[in-house]
Amino acid sequence: MHSKGRRQKAPNLTKLLDNKPVIIVSNRGPAEFRRNEAGNITSKRGGGGLVTAMTAVSEATHATWISAAMTDVERSMAKKDNLIGFPENNPLYNVRLVDIPKDIYNRYYNTISNPLLWFIHHYIWDLCNTPSFTEETHKAWGEGYVAANKLFAEAAARESLKLKNPIIMLQDYHLFLAARYIRELTSEPFLFHFTHIPWPEPDYMSILPFKVRHQILKGMLANDIVGFQSRHYAGNFLLCCESLLGAQINWRKRSVMWQEREVFVRTYPISIDYGNLHKISESDEVLKYETKLLKENADMSLIIRTDRSDPSKNIIRGFMAYDVLLSRHPNFKGKVKFLALLYPTREGIMEYKKYRREIEATVKDINERHGAENWQPIYLRMKDDYLESIAALKHYDVLLVNPIFDGMNLVAKEGPAVNKNDGILILSENAGALSELGNSGIIVNPFDIEETAAAMYRALTMPMYERKARAANLRETVEQNNSLKWIHYQLKDIVGLEKKRMLEGV
Ligand code: G6P
């Protein structure tokens with residue numbers, strides 16, 4: 001399907017780093033450790049785009065990866081305070097787990113990181129009703145988010161002091177404050193933060209309590225470089241620093257002067273581990289799923305989406321658009337099927353539970369109204385099954401990626417990378433992937449159900465030559481980038497800035 005010769009060579013990170021050690025810090029680590037019935041510790045790959053990308057990076061840089069202990073087994077492993085070689089059968093990097101007491105963790109993750117910060121960064125509050133900041137929110141900020149960031153910072157500083165001039169790479173919205181606390185403990189490491197999700201405009205950011213938004217911006221400005229998925233999100237960050245913090249911005253250099261330090265604001269669009277994804281897509285397990293899928297959906301055009309069941313993914317408006325398509329073009333009935341392969345996520349949070357119930361109710365309603373004895377319009381799967389999702393991505397005619405806002409959206413890249421059907425990508429104009437894939441997908445306003453339904457119709461009736469041309473362009477674009485190149489550009493900027501500072505004696 002894709003000739004190996006065209007794939008990009010992996011950049012040589014070891015040479016670039018010249019023995020400089022890398023420490024990665026993220027909330028979720030590369031694997032989930034549990035104890036099986038025989039009492040042995042087993043591990044399962046962690047989910048989400050961040051884990052996928054950082055796994056490739058850790059392997060290539062032989063990093064130390066610091067993450068939170070989440071299960072009881074992990075907490076007891078964290079208490080032993082040692083490094084765990086990973087993957088177990090062929091250790092390429094080290095994992096250190098941080099034991100964050102359960103009450104702190106709960107406030108940090110379930111009150112602040114996900115319901116509050118995630119919602120702000122994806123613009124998904126229903127502002128007439130939510131949010132309302134109460135004593136509980138302020139307590140969760142101080143005793144949860146701030147406290148957890150301090151614990152991550154202490155662990156990172158401790159690892160850092162064992163190494164010579166390390167680079168600390170902080171990941172995402174869970175760790176907006178960590179750089180500031182690391183700097184209080186050690187001045188040696190180079191501090192870099194990457195935000196995997198969107199960065200909102202100042203007006204939306206100012207929904208956050210004054211103290212919270214100030215601490216976030218000051219925390220971010222304790223880094224040497226901060227990275228974002230797109231130039232637009234980097235621009236929003238600069239605007240926030242200017243208007244919410246009163247910091248001085250150099251728009252030409254895209255840097256912020258803060259407390260006599262210059263902080264650089266850069267863009268690094270994340271990508272997938274192309275080679276590894278291909279290996280997985282050709283594995284026996286995926287082939288088994290594929291055979292089943294093709295048998296069950298013979299002669300059917302397939303609209304596919306695969307996402308975490310997250311409100312930011314805009315799953316319900318996607319079904320509403322499909323509903324319009326079937327009502328307006330009943331000739332599609334019995335000839336098209338919508339496979340929604342969703343993963344339950346963050347079920348401890350009320351908004352997520354409610355959203356899941358709404359998804360299930362919408363699917364039931366559409367299936368009842370349009371379905372027939374031998375045809376069900378929507379197949380909904382609510383289970384974390386990555387391999388089944390990959391098998392389905394190989395066969396979509398239409399891939400629906402319509403998030404409200406999204407940092408990048410890796411499904412928009414994984415799909416075209418493995419699809420064998422010259423399928424068409426319908427892409428939200430608010431996904432970070434737009435700048436790379438916008439020319440070849442069909443772009444929609446994610447709130448416009450009419451437009452999304454029309455995009456589905458256009459994709460399903462598109463002449464084959466146009467499908468082929470669009471799919472080839474998408475594939476080529478995705479092949480050009482990969483997660484190692486993503487990290488390569490970051491490390492190049494880090495090493496370059498360090499050299500420049502050394503020469504200038506800063
Ligand atoms: C997705 C997002 C990441 C985020 C992660 C957290 O992968 O793209 O930006 O860090 O979710 O998910 P979790 O399951 O750990 O809450």
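When a residue number appears, it is its place in the shown sequence, counting from 1. As the structure lists them, so they are numbered: ligands from 1, and atoms in each ligand from 1.
- Of all atoms in ligand 1, numbered sequentially from 1 with element shown, those under 4.0 Å from a heavy atom of H196 are 9 (O).
- Distances between N or O atoms of W118 and those of ligand 1 include no value under 3.5 Å.
- With respect to K353 and E351, no salt bridge is recorded, no charged nitrogen being found less than 4.0 Å from a carboxylate O.
- Under a 4.0 Å criterion applied to the non-hydrogen atoms of L50, ligand 1 contributes the atoms 7 (O), 10 (O).
- The ring of Y105 has its center no closer than 6.0 angstrom to the ring center of Y145.
- Taking the six-membered ring where tryptophan is involved, the planes of F176 and H193 are tilted, since the angle between them lies from 30° to 60°.
- Of all atoms in ligand 1, listed by their number and element, those nearer than 4.0 Å to a heavy atom of I197 are 9 (O).
- Ring centroids of F338 and Y379 are separated by 6.0 Å or more, keeping the two rings apart.
- By the 30° and 60° cut-offs, the orientation of the rings of Y268 relative to F194 is tilted.
- Relative to the ring axis of W118, R346 places its NZ or CZ within 45° and under 6.0 Å from the centre.
- Contact annotation: for N114 versus ligand 1, heavy atoms closer than 4.0 Å belong to the side chain alone.
- Residue nearest to atom 4 (C) of ligand 1, selected from D172, T345, L175: D172 (by heavy-atom distance).
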**Study point:** Y352/N114 under side-chain hydrogen bond (donor to acceptor under 3.5 Å, both in side chains): CA gap, chis, key distance, verdict
**Key:** CA-CA 10 Å; Y352 282 77; N114 287 327; 5.3 Å; no
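- Distances from ligand 1 to the non-hydrogen atoms of H174 include at least one value under 4.0 Å.
- The closest approach between R308 and ligand 1 falls below 4.0 Å for a heavy atom of the residue.
- Here is the list of ligand 1 atoms found below 4.0 Å of a heavy atom in Y109: 13 (P), 14 (O), 15 (O), 16 (O).
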